[in-house]
Student: 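Can you read through this structure? Questions will come right after.
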Number of protein chains: 2
Amino acid sequence: MTVDHFDATPLYLQLAAILRRAIDSGELAPRQLVPSESYLMGQHGVSRGTVRHALGILRAEGLIQTFPGRGTFVAGG
Amino acid sequence: MTVDHFDATPLYLQLAAILRRAIDSGELAPRQLVPSESYLMGQHGVSRGTVRHALGILRAEGLIQTFPGRGTFVAGG
DNA sequence: AAATATTTGTACGTATGTATG
DNA sequence: GCATACATACGTACAAATATT
């Protein structure tokens, strides 16, 4: 599942929704490492700013936690 | 009151704190127009991204509301 | 121990689109 | 039509924390 550049929905919201679903469905389990910003950039063909915008939303929702130099992890567990 | 570029505290956090204080103190009253992004850029000597980062925090805190083409306003009132 | 690579954090600039006045 | 103001999205650069070799 990737972002659709022709969809009117902002890319950062699409990406946030995709990741949120992955977490809610358990595809990304608690304490599991979320793909790096670089990886998400490549996978979805978006800029780092867009990736960080999406991750910032999930962070504000308490769904993920990120640690400098290590990565971003699914919260809970 | 402006941001200090030599302070180790991130500029966007400094700016968010300055605006938060202005709101809490009533200097910026409810329903009042917050200075535009362009104005804040010039006043503090920071980029638009930094201004928007700071405003995004206050927005998430529910302290302000922004409307495209009109501006950003202090919430409440 | 040291150098290198990876990953996130901060900050800048630019371009284009949308909404309002 | 034009000016103002916010929204989205791209790119770049460097710093800091961590992991790897």
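In what follows, chains are A, B, ... by sequence order, proteins preceding strands, each numbered from 1.
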Student: Answer yes or no: is there a side-chain heavy-atom contact under 4.5 Å between Arg20(A) and Ile57(A)?
Tutor: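 In contact.
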
Student: Walk along nucleotides 4-13 of chain C from 5' to 3' and tag each nucleotide B, S or - by protein heavy-atom contact under 4.0 Å, base first, then sugar-phosphate.
Tutor: ---BBBBSBS

Student: Could you tell me if the side chain of His44(B) sits less than 4.5 Å from the side chain of Ile18(B), heavy atoms only?
Tutor: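 Yes, side chains in contact.
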
Student: How long is the straight-line distance from CZ of Phe73(B) back to CD1 of Ile64(B), given to the nearest 0.5 Å?
Tutor: 11.0 Å

Student: Both distances below 3.5 Å, Watson-Crick or wobble geometry, any strand: find the nucleotide opposite dT4(C).
Tutor: dA19(D)

Student: Is any side-chain heavy atom of Val46(A) closer than 4.5 Å to a side-chain heavy atom of Val3(A)?
Tutor: yes

Student: Run the salt bridge (charged side-chain N to carboxylate O under 4.0 Å, His left out) test against Arg48(A) and tell me which residues pass, sequence neighbours left out.
Tutor: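 Checked Arg48(A) against salt bridge (charged side-chain N to carboxylate O under 4.0 Å, His left out); matches are Glu37(A).
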
